[in-house]
Protein chains: 4
Amino acid sequence: MDVADVVDYQAVLEEVAAAVQPLVGRGQVADYIPALAEVDIARFGMAVADIDGGVYGVGDWQRPFSVQSISKAFGLALVLAEGGDKIWDRVGTEPSGNPFNSLVQLEYENGIPRNPFINAGALVVTDRLQTLTGDASTTMLEFLRAESGNPDVSFDAAVAKSESEHGDRNAALAHFMASYGNLDNPVPTVLEHYFWQCAIEMSCRDLALAAGFLARHGLRADGSRLLPRREAKQINAVMLTCGTYDAAGDFAYRVGLPGKSGVGGGIVAVIPGRCTLCVWSPGLDARGNSVAGVAALDHFTTLTGWSVF
Amino acid sequence: MDVADVVDYQAVLEEVAAAVQPLVGRGQVADYIPALAEVDIARFGMAVADIDGGVYGVGDWQRPFSVQSISKAFGLALVLAEGGDKIWDRVGTEPSGNPFNSLVQLEYENGIPRNPFINAGALVVTDRLQTLTGDASTTMLEFLRAESGNPDVSFDAAVAKSESEHGDRNAALAHFMASYGNLDNPVPTVLEHYFWQCAIEMSCRDLALAAGFLARHGLRADGSRLLPRREAKQINAVMLTCGTYDAAGDFAYRVGLPGKSGVGGGIVAVIPGRCTLCVWSPGLDARGNSVAGVAALDHFTTLTGWSVF
Amino acid sequence: MDVADVVDYQAVLEEVAAAVQPLVGRGQVADYIPALAEVDIARFGMAVADIDGGVYGVGDWQRPFSVQSISKAFGLALVLAEGGDKIWDRVGTEPSGNPFNSLVQLEYENGIPRNPFINAGALVVTDRLQTLTGDASTTMLEFLRAESGNPDVSFDAAVAKSESEHGDRNAALAHFMASYGNLDNPVPTVLEHYFWQCAIEMSCRDLALAAGFLARHGLRADGSRLLPRREAKQINAVMLTCGTYDAAGDFAYRVGLPGKSGVGGGIVAVIPGRCTLCVWSPGLDARGNSVAGVAALDHFTTLTGWSVF
Amino acid sequence: MDVADVVDYQAVLEEVAAAVQPLVGRGQVADYIPALAEVDIARFGMAVADIDGGVYGVGDWQRPFSVQSISKAFGLALVLAEGGDKIWDRVGTEPSGNPFNSLVQLEYENGIPRNPFINAGALVVTDRLQTLTGDASTTMLEFLRAESGNPDVSFDAAVAKSESEHGDRNAALAHFMASYGNLDNPVPTVLEHYFWQCAIEMSCRDLALAAGFLARHGLRADGSRLLPRREAKQINAVMLTCGTYDAAGDFAYRVGLPGKSGVGGGIVAVIPGRCTLCVWSPGLDARGNSVAGVAALDHFTTLTGWSVF
């Protein structure tokens, strides 16, 4: 089909929800921590926030879920907003290849993570945000509350505690980077803020609104500038090439949008100049992305003709 | 700056050429075969072909150069155009990570190359095109002549011979994939067509025109459909995530366009719905992309505001 | 038990054969080429050749089998005997780690194989022997006939042909090393001699005799010196650390002798100053070593107390 | 030369010391912690302890130095002596390949270190010894005092503290294995005992005596049995294939003895049935082994003809 100029978002969302319904419940709920394993796999919600502040939704679009790695996109934006573009000396912008390589690449590249959206990279971003603000996780929480207009956005303490108790792999990454001098704060401090950021709970509605600056070329919900246009574009580029774990190429190929996923089952995607989307369904594919979520975004871009390509 | 609706292509090209002039001559000319090592590093040319057939240029934009890996994008398109979408069973769509990993990934993934734009993947695509058409390199040459409107587009036999004489690494890749049953034709046949495709000579003008179908969502210069819209979009996606060697993430971050580069110093880039660009300057950076070429595309998108993000 | 000064070889062999009988037939016969897949998995033979020329055997010890990689030990010895100690500039002496790494290590180490007993290393040794002698495979055959005293030792042409037809992986290795300049002869020449060497047929009796120089600190069967004492010791050292594929550490730990195995099911082992052993049973474990063969050598060293440790 | 039946140890040691004197001072002193960086690079000492309790020495053979990784051999022996042969379910016996691979192998092999002498493996051994004895580092210290007959063998607290302060890489390894469930004790406990073991100070004399059980096939200095003969042999095998970092193959090739080195510049080597040796000189080669130390052992085996091959 051709590219639509305008669309009836509500109608499109309902058509998408109907189309992907057979996929809801497929895949596996993340089970590496108990708090995530208890989530109902049958959930599905999707929201669109247009660049003018309009927001539309379907299904469980107002039910909070654990944002997990989606927080990494906000962390990067906040570091850049704080003037921290020297972050690019400490983390790259290249896709990481398959998971098997993550540690060896970190070693090969002397403790410089390939990009800010793998765990190692997000730990560096968190470390930088901690240095710039003195309280990385609270800074992020306040930003998300402000942009979503929802003061009830909050941390899930049970998830944060559970992350910490099962955090040996992230601790290994953090100590490894510390051995190369690529962390400024103590390892436990960085890990704590990292785990709390991952443990933020938000709904599709709130996330679509909070990511609006990526569709507005750097402008916040109130019209003030968070980031220069160029940096907003760069975050979108990094999301497209690195935002969906080891499936970034496949996501670009199928969906054709910048996106950032989390193992809570959420995905935020951006159509620059038009809108942001957030979809949530907890069943994950083998690479950690929501089965129904990816399919919904794929269907959305097919219906509207809106991909970046 | 904001996004322009229309631009004066000629003026923009001249501004870009002036801006990047200090970079022309920087980097290293590819020297792995003698025929490429003799190229004048001081060359610079750039062309734009809009979706309506208009073409604009600056500098050495009409001087032929060796397309090298740019041919990989056309090979993929021709396989898909021949109905060969089963190619995706034999090659992936993920970025390859750093060069160090190329062989180990091929081994780890049982002879399935990560994407069609690394050499291993292009050998598989060539093998498939050979099976589909009976003459992979001639099929490509004829397509390029037709789309560029230039019947003088031709192979450079000296380059092809030189590639073959220095082709041990590609022979290794081909035999390795053959050991996994991922080649249908004999290794020497696949290598020969691969080398001839790389040895095609074209100008920026001809390449910008020939790649027009990627900006026209799959339509050829004569208005006939080469590919479904979805497949044209997919090629653009793979170019963006995998088209510039191990610098794909950096290219997306800086330029924000689907692009395919070659060690001859050329880069083709696509602005879907608007135009295709081709830039050429033989001085390469450490990752094999034209120094002045990447800078020119970066400057072009900055002046026009036209990136996909 | 303690270390025996002298043993009744025939009695020990019979006790070993009885002890490992339950393991004969376990594992898998090599099946990558048809000629090997047809071997009767129920075979078992073992021979000892003492340093004075005495030879003892049990079971199928006089039945020829395909020596396969055991030929690599003789190839190395012949290159050193020809004065080719510069071979150590082109191949290392370190164990290779697991199989997964073979290609990446070759890339990381610029085409220098880790040791002469992995395929890549043996191709380099074959290349050197070809340069030194003009006919690598015939040189090896004549040496084996002379040392074993058996003029009927010969190539199995069907095996050599089959190796060649299924030789894509070795061709990949050879071309890869050629791309680094680590082969002097044409790839097809090196491959041909390599395949013919692997295709030599010998019995346990013949192999135990032929390897006698390794127990005699470099002296041939006729008392003449093949190698300086120091080089004979070095070959034993490389056999111990690298001679049994990716199980070299385990073989040293269990058996405690220098050994070289082949996927035909044979293993040659050395007790310096005392004797050489050869055992054959075609059932292989997951790492390519004869199940009953390793167990027999383990039992032999336990009964005699003769290990190098 | 031939193999000597008996030798005048004192004369041999003096000849060796004279021969390697030109190498003393070559290489680099370990500088990853300040305490080691201050050592005088011009030191050289060597001791031999025969299996009957005689001990001979030359140079700085009675001056204590930091044993560092030499402690790994004693840790393994003590775990086996405590009946802990299940340790082999948690750590392998294969050489590790080059250093670049250490982490990727740990990942590939699900948190099971390749062998007990790489840091990851030694952390597992320490964890096991801690579980078996309740105090891993004190257990080792007491054993070393008893076997050397020197009650003054002690920890160097400054070194232990320095190790801990620069211990991020070991912390990374420990957390990584903990993420696979391959540590029973808390990471900080394991690290503390590991660092204290490395920080033990001993002289060549004391180390040669303390390692005597490896030459006596498992018997302690007082004639009681520490280990079954088979396990003593196995430790020697693992030392030969894995005991000298990434140079194990080269060490076997040159020296031909089981050996365990440390970055303090010490190396313990074993001639089963005859004697143990310890050499110390702080200048290290690129792979972390003492330059003069390896040369001295090489010369010793050349003079005596005593290698295991």
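Here is how names work: the chains are called A, B, and so on, in the same order as the sequence lines, proteins then strands, and each is numbered from 1. No hydrogens, no waters, no symmetry mates; every other heavy atom, side chains included, goes into these values. Bear in mind that the values here come from a model prediction, so they are computed numbers and not experimental data.
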Euclidean distance, H175(C) NE2 relative to L173(B) CG, rounded to 0.5 Å: 11.0 Å

Do any of residues 176-202 of chain B have a heavy atom less than 4.5 Å from a heavy atom of chain C, and if so, which, in residue order? F176(B), A178(B), S179(B), Y180(B), V187(B)

Kindly check if the number of other-residue, nucleotide or ligand heavy atoms within 6.0 Å of CD (E165(B)) is above 12? yes

